[in-house]
Every structure is written in structure tokens, then in C-alpha cells.
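First up is the structure itself, then whatever we jot down about it.
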Amino acid sequence: MVDQTNSSVAMAADYAMPTAVKPDLRTRLQNLIPKLVLSPSLALILVFVYGFIIFSVYLSFTGSRILPVYDWVGLENYEKLFRLRHWSIAIKNLGIFAGLYIAICTAIGLSLAIFLDQKIRGEGFLRPIFLYPMALSFIVTGTAWKWFLDPGIGLEHTMHLWGWESFEFNWIKDRNFAIYTVVIAAVWQTSGFVMAMFLAGLRGIDNEILKAAQIDGASNWNMYRRIIIPQLRPAFLSAFVILSHLAIKSYDLVVALTGGGPGRATEVPATFMYSYTFTRNQMGIGASSAVIMLMTIAAIMVPYLYAELREKK
């Protein structure tokens with residue numbers, strides 16, 4: 001009797017357990033098609049992006065010159081790189097450019113965002129105007145600013161035609177000031193994008209907190225200093241990461257605006273890498289400079305991505 005009862009309970013349990021239903025052909029195709037569509041793009045990215053990154057890292061440890069060769073020289077290219085005066089100039093110029101570019105873009109972007117956050121009239125008209133320069137390529141921006149700053153055809157020439165004969169603005173031809181013209185052009189192009197990031201952050205702040213602060217008698221200055229700006233920390237971090245990345249890999253803007261000159265006054269690591277790889281036929285040294293740039297960008301991006309993923313968890 002007990003055995004019959006146990007067998008009945010076991011059979012009831014078997015019937016109660018849900019059976020796995022195999023997906024039909026249509027469901028399997030729906031799951032498979034996105035993978036098939038994305039697989040060619042993924043394969044191309046693996047080969048032409050990450051594959052060539054690995055290849056460049058390998059070339060930096062070889063004696064490659066005009067064409068790749070595979071004789072291993074170890075860290076010799078890196079030792080030569082850091083002994084080159086041209087590399088020291090490029091690093092110095094990058095420090096000046098990146099420092100001013102990040103600071104000025106952040107200041108202007110935050111100021112414009114605060115201005116537009118006041119619910120002013122014409123915000124829908126002004127916002128695209130500020131964002132428009134980001135729609136242009138750096139080649140177009142560099143060419144336009146080259147014409148504007150050239151003393152022979154640009155601003156200085158126009159002022160002379162208008163009768164202001166004593167006006168001078170020849171920074172683009174001056175070795176001591178040429179790097180600052182690159183900063184001006186880069187800031188003009190990117191400030192609107194930074195403004196959009198800060199404006200999104202401002203619009204995401206809880207209005208109840210601001211109303212409570214106003215009821216407590218907080219002035220606008222104290223509200224921004226103690227409440228609003230501290231809550232924009234993610235926007236500040238994102239702006240820093242993006243601007244740093246753009247500054248380190250800046251090539252087309254410098255080439256279009258100054259060509260790295262006058263002399264080497266606006267040489268940056270990106271133009272140095274191109275010059276030594278394709279003009280001076282020093283592929284090993286050019287690859288080592290590219291690896292240094294990659295490591296610098298990774299040192300900025302990896303902590304940022306780690307912090308973002310950690311917050312989501």
C-alpha cells in the first residue's frame with residue numbers, strides 16, 4: 001500500500017514538472033538573424049581595428065623602416081623615441097593644447113548650459129547654433145580657421161582694409177603663439193557639444209531639491225556652488241574623457257590649420273607618428289609613438305569605463 005502511494009506521488013510530481021518546450025523554426029531564425037547580420041561587421045572590426053592595433057604593437061618592437069620587417073629589437077625603438085627632440089616638442093605641445101582645450105571647453109560649455117537652462121526665449125534657435133560646429137569635420141574647421149587667421153587674407157587683412165592699419169594678429173605665423181590658434185579652432189568646434197552634455201545634466205537635477213534650497217534662502221551662487229555643480233560630476237567626468245581623447249588623437253585639425261608648423265611649433269604626437277612612419281620611413285619609431293598614444297588613451301578610458309560599469313552594478 002505504501003509503495004503504491006509513493007509511486008502515485010512520484011507520477012503526480014512528474015506530471016506537475018513543466019517540460020522544456022523547444023523553440024520552433026521561426027523563433028530560432030529570429031534569434032539567429034541578428035547574429036548573422038552583425039557577424040560581418042564584428043569580423044571586420046576584429047581584423048581592421050583590433051588586429052591592426054596588435055600588429056602596430058608588434059611593429060614597435062621590430063626594426064621596421066619603409067616596410068614591415070620582423071627582426072625583433074625589443075625596446076630599442078622606445079629608447080630612441082624618448083631621446084628624440086621632436087618627440088619632446090610634440091609632448092610639450094600636446095600638454096599645452098590639451099590643458100587649454102579641456103579647461104576652456106569645459107568653462108564655455110558649462111557657462112552656455114547654465115545660460116540656456118534659464119528657460120530663455122529662443123532656446124530652440126540658439127541650441128542648434130552652438131551645436132552646429134560639431135557637425136563639421138576637423139579638416140573643414142582647420143581650413144576655415146586657417147583662412148580666417150592668415151594675416152594676408154583673413155582678420156588682419158580685413159581690419160587693414162577697414163582702416164585699422166595698426167591691427168596685428170599673426171599668431172598662426174608666430175612660433176610662440178601658433179599652438180594657441182589650434183586651441184581656438186578646437187574650442188570653437190567642441191564647446192557646443194560640451195554644452196549639450198552639461199545641459200542634459202542640469203535638466204536631470206530634481207527641481208524639488210532646488211525649491212527646498214530657495215525656501216531656505218540660498219542664493220543663486222550658493223545653489224550652483226553647493227548643489228547644482230556637485231551633481232554634475234558625471235557630466236564633468238564624461239567631458240574630460242571625451243576631450244582628452246580628442247586632444248590626444250588630434251591630427252586632421254593640426255594638419256589643416258598649421259601643418260605642424262611654423263617649423264615644429266604645432267607638432268603633436270599624432271602628426272609626429274605620421275611623419276616618422278610615412279615621411280621619414282621610420283616605421284618602428286612611428287609604431288612606438290602610436291603605442292604610447294594608445295596607452296595614454298587607455299589610461300584615461302579604462303578607469304572611466306570601470307567606474308561606469310561599477311555604478312550600473
Side-chain angles (χ1 to χ4, degrees), residues 94 97-145 148 180-211 213 220-254 256-257 268 270 296-312:
L94 178 62
F97 170 66
L100 293 174
Y101 174 53
I102 294 171
I104 297 173
C105 271
T106 303
I108 293 177
L110 180 61
S111 301
L112 290 175
I114 292 174
F115 170 69
L116 291 180
D117 193 47
Q118 308 305 313
K119 306 296 190 299
I120 63 171
R121 286 185 177 181
E123 178 187 344
F125 174 74
L126 292 174
R127 194 166 52 233
I129 292 177
F130 294 140
L131 283 171
Y132 172 73
M134 197 63 188
L136 302 176
S137 69
F138 280 106
I139 289 290
V140 174
T141 298
T143 303
W145 277 91
F148 181 73
Y180 301 110
T181 62
V182 183
V183 175
I184 292 172
V187 167
W188 176 82
Q189 176 148 10
T190 321
S191 293
F193 175 71
V194 178
M195 174 212 71
M197 294 176 62
F198 282 122
L199 186 60
L202 289 171
R203 297 286 166 83
I205 296 176
D206 189 357
N207 286 329
E208 297 299 325
I209 299 176
L210 303 181
K211 290 178 181 179
N220 287 336
W221 167 252
N222 285 329
M223 283 178 57
Y224 276 99
R225 186 168 65 93
R226 296 181 178 275
I227 299 174
I228 296 176
I229 292 180
Q231 293 194 51
L232 293 178
R233 178 179 169 275
F236 275 103
L237 183 58
S238 299
F240 173 77
V241 170
I242 293 172
L243 294 175
S244 300
H245 173 258
L246 292 175
I248 292 170
K249 70 182 188 69
S250 57
Y251 171 80
D252 38 7
L253 178 63
V254 176
L257 182 59
V268 291
T296 306
I297 293 174
I300 297 171
M301 293 294 296
V302 170
Y304 171 75
L305 294 175
Y306 175 77
E308 288 292 317
L309 294 173
R310 188 176 179 183
E311 286 182 4
K312 289 181 179 180

For Ala213 and Met223, the nearest pair of non-hydrogen atoms, with its separation, is CB-CG, 4.2 Å
Less than 4.5 Å apart, any side-chain heavy atom of Trp188 and any of Leu136?
yes
Looking only at heavy atoms, what is the nearest atom pair of Leu131 and Ala196, with distance?
CD2-CB, 3.8 Å
Atom pair CE/CD1 of Met301 and Ile242 - distance to nearest 0.5 Å:
8.0 Å
Please check if atom CZ in Arg203 has more than 12 non-hydrogen atoms from other residues, nucleotides or ligands closer than 6.0 Å.
yes
Students often mix this up, so state it plainly: with edges at 30° and 60°, are the rings of Phe148 and Trp145 parallel, tilted or perpendicular?
perpendicular
How about Val194 and Ile108: do any of their side-chain heavy atoms sit closer than 4.5 Å?
no
What closest approach, in Å, do Pro128 and Gly124 show between heavy atoms, and which atom pair accounts for it?
CD-O, 2.9 Å
Within a reach of under 6.0 Å around OH of Tyr304, are more than 12 heavy atoms found that belong to other residues, nucleotides or ligands?
yes
If you define the side chain from C-beta out and look only at heavy atoms, does anything of Leu116 sit under 4.5 Å from Phe130?
yes
Using side-chain heavy atoms (C-beta onward) and a distance below 4.5 Å, is Gln231 in contact with Asp206?
no
Looking at every heavy atom in both Pro133 and Gln189, which two are closest together, and how far apart are they?
O-NE2, 3.3 Å
Taken to the nearest 0.5 Å, the spacing of Leu253 CG from Leu246 CG works out to 10.5 Å
Does some side-chain heavy atom of Val140 sit less than 4.5 Å from a side-chain heavy atom of Ser137?
yes
Could you check if a side-chain atom of Ile227 sits within less than 4.5 angstrom of a side-chain atom of Asn222, using non-hydrogen atoms only?
no
For the student: nearest non-hydrogen atoms of Cys105 and Leu243, plus distance:
CB-CD1, 3.8 Å
Could you tell me which non-hydrogen atom of Leu199 sits nearest to which non-hydrogen atom of Arg127, and how far apart they are?
CD2-CD, 4.0 Å
Apply side-chain contact (heavy atoms from CB on, under 4.5 Å) to the pair Ile104 and Ile184, showing each step before the final yes or no.
CA-CA 9 Å; Ile104 297 173; Ile184 292 172; over 6 Å; no
With a 4.5 Å limit on heavy-atom distance, are the side chains of Val254 and Phe138 in contact?
no
Distance flag, aromatic centroids of Phe198 and Phe236, threshold under 6.0 Å
yes
Which distance, rounded to the nearest 0.5 Å, do you find between the CD1 of Ile300 and the NE2 of His245?
9.0 Å
Which distance, rounded to the nearest 0.5 Å, do you find between the OH of Tyr224 and the CG of Leu202?
6.5 Å
Distance from Ser244 atom OG to Ile102 atom CD1, nearest 0.5 Å?
3.5 Å
What is the distance from atom CG of Leu257 to atom OG1 of Thr143, rounded to the nearest 0.5 Å?
8.5 Å
Should Leu112 and Leu126 be marked as a side-chain contact (heavy atoms from CB on, under 4.5 Å) after you check the CA-CA gap, both sets of side-chain angles, and the distance that decides it?
CA-CA 10 Å; Leu112 290 175; Leu126 292 174; over 6 Å; no
Side chain to side chain donor-acceptor pair (under 3.5 Å) between Ser250 and Tyr101: does it pass, once the steps are laid out?
CA-CA 11 Å; Ser250 57; Tyr101 174 53; over 6 Å; no
